[in-house]
Structure formats: C-alpha cells, structure tokens
Amino acid sequence: MALACLGLFLALLLYALASGTFQQQRQQQTLAATAQEETERLAKLKAQLLRIESGKASAAGFLDPRSGTAIGNTSGVRYITMPPAPLGTLSVGLGDLHPYFYKLSLRSKSFTLNNEELENPLNLLSGPFDLAFGIVILFPLFLIALNYNLLSAEREQGTLALILSQPISLKALVTGKVLVRGGALVVAAVAVTLAGGLLFGAGAAVFPRLLAWTAIILLYGLFWMGLCVWVNAWGRSSATNAIALSAFWLGFCLIIPSALNIAASALYPIPSRVEMIQSLRTAGKEAQEQGSRLLSRYLEDHPEFAPAPAPGAPPAPAPDFGSITYAVQMEVDKRTEPVLARFEQAIAQQQAFVDRLRYLSPAVLAQGALNEFSGTGLARYRGFQLQAERFHRTWQQYFFPKIFQKAKLTSGEIDTLPRFRYQEESLEAVVARSAPLLAVLTLLSLLAGGLSLASLRKFKRSL
Amino acid sequence: MLQALNLSKAYGNQVALDSLNLSIAAGEIFCLLGANGAGKTTTINLFLNFTAPTSGQALVDGLDVIQHPLESKRRLAYIPETVMLYRNLSGLENLDYFASLGTQQKYTRSQLETFLQRAGLAPDAATKRIGAYSKGMRQKVGIAIAIAKQAKVLLLDEPTSGLDPAASNEFSELLTQLSREGVAVLMATHDLFRAKECGTRVGIMKRGRLVQTMATSEIGHTELEGIYLEHMRN
C-alpha cells in the first residue's frame, strides 16, 4: 500500500515536471520565433531602405517606408521580451496570466501593453499542473494517506499494547514512523525538484533557488506530518482521523485560498473591464475629433518638434495623418491614465489584502514562496510590466520627433533603433520578498511539530 | 523482581486498585484471581506504565516504572489476553520486528526460528501469515518475543482464556519452564485449576484489594475453589 502510494506520488510529480517543462519549452519557442521574426523583418527593411537610398526603388505610396510612422509602428518594431523564469519549469506560477512579451507600437500604452486577462489577478492556487501544484496540493494529500492512521491503526489491530510494552517511548515510535513514511515522500519530492531544476533550469544560477525549494518542501512536509501526529494523538479512530485530516487539507489548500480570493474581489472590486474599454474608446474618439487642434497645441508646447518652414515658403501645410494620429495617441494616454490607475489600484489593494491574510494557510505561503524562487511570482511580472512601460515611452520619444518633423530614417539608423534589455531582478530582492513567507512557514512547521509532540504526552494509553 | 508498594489507582471516585503491596521473586509464578473489575488488569497496566498510579510505586527489578519507563520495559514482557500481531506478516517477521524493538538488536533468522521453536511453535507455521494463526499460536509468538528479549519479568493478562485444555496445558508448561530459568511471572487469570497447577502463589483480589495470598503447595484444588468462592460471596 505504502509503496503503491509512493509510486503514484512519484509518477504524478514526474508528470507535473514534464508538463511544466513543456510549458517552458513552448515559451522558449515563442521567444525564439519572435526574435527570428524581428531579425528577418529588420533585415528586409534595411535592404528596402538601401534600395531607395541608391535610387533603385521608389518611396512612393500611401506611406513612405522611411517615415517614423511606418518604421516605429510596423516595419521596424521590436519585441519587448522577458526570458523564461529561472525555474519556470518547476512552477508556472503566474506565468499563465501575465504576458512575457509584447510587440511594440507607437499607439497608446493601454493599447500596446495590453494584459488581456485580468479576471483572476491573484491566481492563488488553481492553474496548471506543475511541480509546485504537486508539492502544495498533492504532497500533503499523500502525507495524509500514509500517516492518518499512524497510531490509530496500531490501536485498532491491537498491536499498540505489545509495542508499548517494549522499551520504546511513544514519541520515538511515532516520530520514527512518521519520518520513515513522510521521509520517503519528501525524498521523492526533493529528488524530482532537484532533477528538474538541474536538467531544465537556467544553469548554476538556480542552485540557491533550488536550495530554497528544498527548504520549503521540508518545512511544508514537516507541517503536515506534525498535523498528522497531532490528529493521531487525539486517540480517535482511523476513520475520524482521515476525516479530520481531509478537512484540514480542504481548509488549507482549497477553502482558505478561495475564500481569500472571494473576499479580495468583494472588498476591493476591480472596476468593470467593459467600463474601462468604453472609456478608452470615448477618449480615443474625442481625441480623434479634436485631432488637428491637439496637434497644434502639442506643437505649441513642443516647438522643437514643429517641422521647420522653409525660409520664405508659404504657411505650413495642413498637418499630415501620422502627426495627428500620435498627438491623439498621447492625448488618449493622458485621458485614460486615471481609469487605468483605478484598475491598478484595485489590483494592488487586492494583492495587499491577500499578502496580509496568506499567513492563514501554509499552502498559500508555500505556493507564494515556491513561485518567488521560481521566478514566476507576481513581483517579477510587475517588474517586467514596468520595464516594458518605460521602454514603450523610450520608443515613442525616439519616433515622435521624427514623425512631427517628417524626418526620414536612413538604412544606417535601422541598426541603432532602441533595443529592450530585460533587467533580471536580483536574488537578494527575491530573498527579501520571500523572507516573511519562509519565516512564518518555519514558525507554523515548528508549531505543528511541537504541538504534536506535546499532545503525545497526553495520549491516552489506556488500551 | 516485581514489587508493588502501596500501589493505588483511582478513576475519579472509582477505586480500581487500593494500596496493593506485593513482591514477586525471580522464579515465582504469581497468579492473580478475582472477578472482572477486581483490579487485576489495572495492576498489570500499572507495571507496564500504561497508566499512572494515583499513589504508591510499581517497581520492576527495583526500578520505578514511572521514572525509568524504558529501562523497566527492557526487563519485562507482556502477553495480553490475545497477542495481537500484524496480520499480514508471518510469525517470524512479527517476532523479528518486536524483538528488535525490545532489544534494539537484530537477530539472525536461525536465532529467531530457535526462539519460536522454544516457544513451541511448529516450524512450518513460522513463515505463515498471522492471519491464519489460532489464538494458541499467537500466544506462542508472544512467548517467543519474551524469550528473545530475555525478559526477567513476564506479565500475563488472562493468557489462557479461550484456549482448549491441551493448548492451555502446553502454555502452562512453557511458563513453568521460563520460571525455572529465573523469570518472575505475574499472571491474571480466571482459571483456578491452571493457577493451582502452575502457580507458586495465588492472590485473590476483590474490588481493588488483594484480600488473600497463599502458596499453591499448601492447598488443594477444591480448597482453593472453596476459598475463592467464599470471598466472592461476601
């Protein structure tokens, strides 16, 4: 029975690892494809510009291929990409909710850096079948399956009397049993983690992260083993123990996380997405209607961008399509800022709420810490989002002057277009964020362990 | 070897054992007689430290069982009414497990087989699963555990109830043999005949008190039964 249990656990973990690896590979393939597409497109653009510059081709058409509008918005755009998480193969974490790449454009931030899915920003525990899921949800279930009747079974089959007449203390007996049974599962979980991390992780940089994973598995396992011993020390029947432990599992792994989710969205409701899109459209429409007025106002503010009138030439011609468009885009960004801010504030409030209450469940703590050390936690994705926003502004600031001044880009400039470089967060930052999680997890584990040993002293020996 | 000094146990207002004073020397077989609830099992549980006394002391080989729980258990072996073992393991495997718990050392297979043989278990039964064992065979495994442990004290709680006369007789002979090797035996029983037959002393308990103790060599079967019934009547 125990061996079958262990085998099943191992098989599930390996499947989870395979599933995580598959997701990670798909991500890598996507990133490789974007990189290749970008390189090819830019090479083609450069060749086209060279032909125009040497007079072999004409620049005529609806849009001049050398214009900032054409290059900055379509033919020359770059991708903003984040490399896969260091241990993304172990935990998909929030990776299935948050984008890891954007395709640039000169249009508004809300259009370019669009997070399609915001319905479940917390995504505490659902999500893909990855190793983190196997450890946070399945691991305790298997620990319970092997340990729910540690003492009760001995009592029910009458062997406890004979055991306790031997020179062995109840504490030593129970500790030995729970460590052998639980230890096998812990070893399986740690082995799969290390194998996955070393085979598919990002090189030597993952060592400290794997160490943290191992520590979390040990602490989390200790918590559940302590709970099993404590319930056994009540001296009830195996059936009662099984029900009680299942209730704990349901509570910690399902009910508390879902309750936190529900409470968070009830207390800090996220403004309707429809409303947000509506306001974006209205802002866009209004800005569009005032198109040329906006442009002249913008050029009054930024005279340096105004196209230089030729000396003695007639007054400047009517503003062109490209200039109006981007004046409008910037106005849209400005007008929608409060709407987006409300959105982000609600998410931040929800997150803060959950951050405070996640200490209620070791499962939420463990999941959070595993995500952090895998590089799939919320903070890393928020960091990427901020870097992307900054780079989007850089991109706009590079092209807008060229568009307003109707400058033509040369083939040489194609190589020097701004390039996004993702700044990976430091391990120190990860450790600093996870420290409170680990501290409380340690506390809970020690508490469960201590409680279980203390309760054994009261265990009724009347047989 | 076994000593009770003013040993008392009360559950709430219910007195289960009332200042028991008893001393059993090595090589003695002391049989506790008495009705159900007279305090026989409580006495044994106190020596096993399964329950704590309200007052008084239980000593095994001079060691207080509360203060030296492990040391005292190293010296004793316990055979309950039915020796409950792991059903899906064989007699040999059960013995191996309990002997290693009892002695913290590992016996070889042939040593274990010898223990079972000395306890009177047929050699071909040793590798069969406990599930298929009769009560008498389980008791023999219990004895084998005591032999493997080289216990100086044997505590038995109605070990022969439900055994057929032949098996019961065989069991008594095993006890006699162990006591000849210097083991002190304390046995709670309802079987007056068996008590007279293999015991060196008998004690009659009533409502938690040891009311009379006598040497079996000094009385006959009918006499013992007469005294016993006399006590039960009052």
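Chain letters run A, B, ... following the sequence lines, proteins first and then strands; every chain starts at 1.
Counting only heavy atoms from C-beta outward, the side chains of B:L48 and A:L164 never approach each other to under 4.5 Å.
B:I79 does not touch chain A: none of its heavy atoms, backbone or side chain, sits under 4.5 Å away. For chain A, the nearby part of B:Q104 is the side chain; its heavy atoms alone come within less than 4.5 Å. Neither the backbone nor the side chain of B:P69 has a heavy atom closer than 4.5 Å to any heavy atom of chain A.
Within 6.0 Å of atom CD in B:Q150, 12 or fewer heavy atoms from other residues, nucleotides or ligands are found, so the atom counts as exposed in its surroundings. Other residues, nucleotides and ligands place more than 12 heavy atoms under 6.0 Å from the CD atom of B:Q105.
Note on A:Q166, A:Q157, A:E154: by heavy-atom pairs under 4.5 Å with chain B, the leading option is A:Q166. Residue with the most contacts toward chain A among B:L101, B:L76, B:L85: B:L101 (heavy-atom pairs, distance under 4.5 Å).
Only one option out of B:N94, B:V83, B:V141 pairs with A:L162 in a side-chain contact (heavy atoms from CB on, under 4.5 Å); it is B:V83.
Within the 3.5 Å criterion, the main-chain N or O of A:I168 finds no donor-acceptor partner in the side chain of B:K73.
When all heavy atoms of A:P167 and B:G102 are compared, the closest pair comes out as CG-O, 3.2 Å. Closest approach of B:Y78 and A:S165 over heavy atoms only: CB-CB, 3.6 Å. Between A:I163 and B:Y97, the shortest heavy-atom contact is CD1-OH, 4.1 Å.
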